[in-house]
Number of protein chains: 2
Amino acid sequence: MAEVPSPAPTGDELLKVLSALGNPHRMRIVAALLESRNYVSALAREIGMGRPLLHMHLQRLEAAGLVVGTLELAEDGKAMKYFEVTPFFYELTPHVVARAAMTITETADRTAKEEAK
Amino acid sequence: MAEVPSPAPTGDELLKVLSALGNPHRMRIVAALLESRNYVSALAREIGMGRPLLHMHLQRLEAAGLVVGTLELAEDGKAMKYFEVTPFFYELTPHVVARAAMTITETADRTAKEEAK
DNA sequence: CGTGCCTGTCAGAAAAGGCTGACAGGTATC
DNA sequence: GATACCTGTCAGCCTTTTCTGACAGGCACG
């Protein structure tokens, strides 16, 4: 059980993880969700944050594979999206970083790309 | 030798490390410096980046404790700042993140703080 | 003394990220 | 039908980060 991506993550993956976790709010969100899985609105109240904003942070974390959200139907029919943290594990060393750095997708070539279309 | 801050980093420390490493340029800088320590101007040429910009990235990495710079005097008297990577090591797990999240210095309270002074 | 290479910093433009209020849809209860 | 929850998205503002060009100083070589 529990897949752990430990050893050699791809550059883009590590980049998403690090930039996702490198934010005070998102770190606290992970902390809150680790204590108990929760749905968006309740979590927003708990940590005192607007829903749209929390929503944005959550999908940033989810895009990085650090949390997962499941849309569940409560008994009374209400649709609520529960989030919980993934058992992720990354080792952060110079070697790992250097290895990942080689496989970074250049997202910085918006030159003569729009026109080609 | 080589101090490794592995187990339970403070929130602010982890925050600095993650946001420092969560950037494509800075990952490449670490990669380049791991191969061989280098001074600013040469490194700038090597990775094709402006000196002022590289300078900024370097001091961001240094502030996070991931690289160290030493100002050395070459034989011909020129002052050159050599950078090299630190043997850092961080474990990234939900538990570590949650633990760090509790010790985050609220830098976001510029409310009734100026007046108190 | 001009040229070259080193160091650093500064102001200001450009891009990215964070944040808010308003809106739309859904289902259940009074 | 009005209220009260839940979900999501969108335009627009504001702050932070990223990036560039120009400038300062230092030391050595021709």
Side-chain angles (χ1 to χ4, degrees), chain A residues 12 15-29 37-64 67-83 104-111 113-114, chain B residues 12 15-29 37-64 67-83 104-111:
Chain A
D12 292 7
L15 216 42
K16 257 188 295 185
V17 170
L18 294 181
S19 59
L21 247 31
N23 176 293
H25 284 346
R26 288 193 285 264
M27 278 184 68
R28 286 206 205 89
I29 291 174
R37 47 172 267 156
N38 210 342
Y39 61 95
V40 187
S41 288
L43 182 59
R45 279 188 293 262
E46 184 185 330
I47 60 183
M49 173 182 303
R51 264 61 56 91
L53 182 54
L54 175 61
H55 186 264
M56 190 260 282
H57 283 311
L58 279 175
Q59 68 184 22
R60 205 128 163 38
L61 286 170
E62 188 171 32
V67 303
V68 275
T70 36
L71 187 63
E72 302 179 6
L73 289 192
E75 332 147 333
D76 63 341
K78 272 182 194 158
M80 350 192 35
K81 191 155 193 181
Y82 275 87
F83 278 90
I104 292 184
T105 299
E106 272 306 334
T107 324
D109 41 8
R110 45 314 202 85
T111 332
K113 256 294 185 52
E114 322 287 52
Chain B
D12 293 7
L15 216 42
K16 257 190 295 184
V17 169
L18 294 181
S19 60
L21 247 30
N23 176 295
H25 284 347
R26 287 192 285 262
M27 279 185 67
R28 286 206 206 87
I29 291 174
R37 48 172 268 156
N38 209 343
Y39 61 95
V40 186
S41 287
L43 181 58
R45 279 188 295 263
E46 184 186 329
I47 62 183
M49 172 182 302
R51 264 61 54 96
L53 184 51
L54 175 61
H55 186 265
M56 189 259 282
H57 284 310
L58 280 175
Q59 68 184 24
R60 206 127 163 38
L61 286 170
E62 189 170 32
V67 304
V68 274
T70 35
L71 188 62
E72 301 178 6
L73 289 192
E75 332 148 334
D76 63 340
K78 271 182 196 160
M80 350 193 36
K81 190 155 193 182
Y82 276 86
F83 278 90
I104 293 184
T105 298
E106 271 305 335
T107 323
D109 41 8
R110 43 311 203 88
T111 334

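In the text below, chain A, chain B and the rest are named by the order of the sequence lines, each starting its count at 1.
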A:K78 side chain: which of D:dC6, C:dC19, C:dT7 is closest? D:dC6

Would you indicate, yes or no, if D:dT17 has its OP1 or OP2 atom less than 4.0 angstrom from a side-chain nitrogen or oxygen of B:H57? no

Could you give the distance from NZ (B:K81) to OG1 (B:T70), rounded to the nearest 0.5 Å? 8.5 Å

If I take atom CG in residue A:L54 and atom P in nucleotide D:dC6, what distance separates them, rounded to the nearest angstrom? 12 Å

Between A:N23 and C:dG18, is there a side-chain N or O to OP1/OP2 distance below 4.0 Å? yes

Between B:A42 and B:Q59, the residue closer to the 5' end of DNA chain C by nearest nucleotide is B:A42

Which pair of non-hydrogen atoms, one from B:A64 and one from B:V17, has the smallest distance, and what is that distance? O-CG2, 3.7 Å

Counting only side-chain heavy atoms from C-beta out, which of C:dC19, D:dT7, D:dC19 sits nearest to A:V40? D:dT7

Between CG of B:L53 and P of C:dG8 the distance, given in whole Å, is 14 Å

Nearest-Å distance, CG (B:L73) to P (D:dG25)? 20 Å

Separation of C:dA16 P from B:M56 CE (nearest whole Å): 14 Å

Among C:dC6, C:dC19, D:dT20, which nucleotide sits nearest the side chain of B:P52? D:dT20

Strictly distance-based, threshold 3.5 Å: is any side-chain N or O of A:R26 a donor or acceptor partner for the main-chain N or O of A:A20? yes

From CZ of A:R28 across to P of C:dG18 the rounded distance in Å is 14 Å

Whole-Å distance between C:dG4 C1' and B:R45 CZ? 11 Å

Should A:Y39 be listed as having a side-chain N or O under 4.0 Å from OP1 or OP2 of D:dT7? no

Select base, sugar-phosphate, or nothing to describe what B:K81 touches, counting heavy atoms under 4.0 Å on all strands. sugar-phosphate

Could you tell me how far apart A:Y82 (OH) and D:dT7 (C1') are, to the nearest whole angstrom? 13 Å

Quick one: CZ on A:F83 to CG on A:N38, what's the gap to the nearest 0.5 Å? 11.0 Å

Phosphate OP1/OP2 of D:dT7 contacted by A:S41 side-chain N/O (<4.0 Å): yes

Residue whose nearest DNA chain C nucleotide is more 5′ - A:H25 or A:D76: A:H25

Looking at D:dC10, I'd like to know if its phosphate oxygens (OP1 or OP2) sit under 4.0 Å from a side-chain N or O belonging to A:R51. no

Specify the closest pair of heavy atoms between B:L61 and B:L21, including all atoms of both residues, with the distance to one decimal. CD2-CD1, 4.0 Å

Here the gap from B:R51 atom CZ to B:L53 atom CG, rounded to the nearest 0.5 Å, amounts to 11.0 Å

Is any side-chain nitrogen or oxygen of B:R60 closer than 4.0 Å to OP1 or OP2 of D:dT18? yes

Would you please confirm or rule out a distance under 4.0 Å between OP1 or OP2 of C:dT9 and any side-chain N or O of B:H55? yes

Could you tell me how far apart B:L58 (CG) and C:dT7 (C1') are, to the nearest whole angstrom? 13 Å

